[in-house]
Amino acid sequence: MDKTAYEILGINETATEVEVKKAYHALLNLYHTDNATGNKEKVTDVILVYKQVMKKN
């Protein structure tokens, strides 16, 4: 089963815009390629689902 955009961001569907942005920035910081946990594919996924969620709000 594929994860939903909300599951990828680690938030629920009733999250506020502030909560969405906070989750987005936390994941970008975690997966940024300058970090030891860097993962370019994850960063791309996070950006795409963030845009998807923000369109719904």
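One-based numbering along the sequence shown.
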- Item | Set of residues satisfying ring pair (Phe, Tyr, Trp, His ring centres under 6.0 Å) with respect to Tyr24, sequence neighbours excluded | Tyr50
- Query: So how far is it from Ile47 CD1 to Leu27 CG, rounded to the nearest 0.5 Å?
  - Reply: 11.0 Å
- Query: Tell me, do Leu48 and Ile8 make a side-chain contact under 4.5 Å, heavy atoms counted?
  - Reply: no
Less than 3.5 Å apart, which donor and acceptor atoms pair up between the side chains of residues 15-23 and the rest of the protein, not counting sequence neighbours?
| residue | atom | partner | partner atom | Å |
| --- | --- | --- | --- | --- |
| Thr16 | OG1 | Glu19 | N | 3.2 |
| Thr16 | OG1 | Glu19 | OE1 | 3.4 |
| Glu17 | OE2 | Lys21 | NZ | 3.3 |
| Glu19 | OE1 | Thr16 | N | 2.7 |

- Item | Residues that Asn39 engages under side-chain contact (heavy atoms from CB on, under 4.5 Å), provided they are two or more places apart | Tyr31, Glu41, Lys42
- Note on the structure: Those residues at least two apart in sequence (or on a different chain) that pass side-chain hydrogen bond (donor to acceptor under 3.5 Å, both in side chains) with Asn35 are none
- Query: In Å and rounded to the nearest 0.5 Å, what is the CG to CD distance from Asn12 to Glu7?
  - Reply: 11.0 Å
- Query: Are Gln52 and Tyr6 side-chain neighbours, meaning at least one heavy-atom pair lies under 4.5 Å?
  - Reply: no
- Message: The criterion is side-chain hydrogen bond (donor to acceptor under 3.5 Å, both in side chains); which residues satisfy it with Thr33, sequence neighbours excluded?
- Response: none
- Which is it for Val46 and Leu30 under the side-chain contact (heavy atoms from CB on, under 4.5 Å) test, yes or no, and what are the steps along the way? CA-CA 11 Å; Val46 169; Leu30 176 64; over 6 Å; no
- Message: Give me each pair satisfying salt bridge (Lys or Arg N to Asp or Glu O under 4.0 Å) with a member in residues 28-40, each pair once, sequence neighbours excluded.
- Response: none
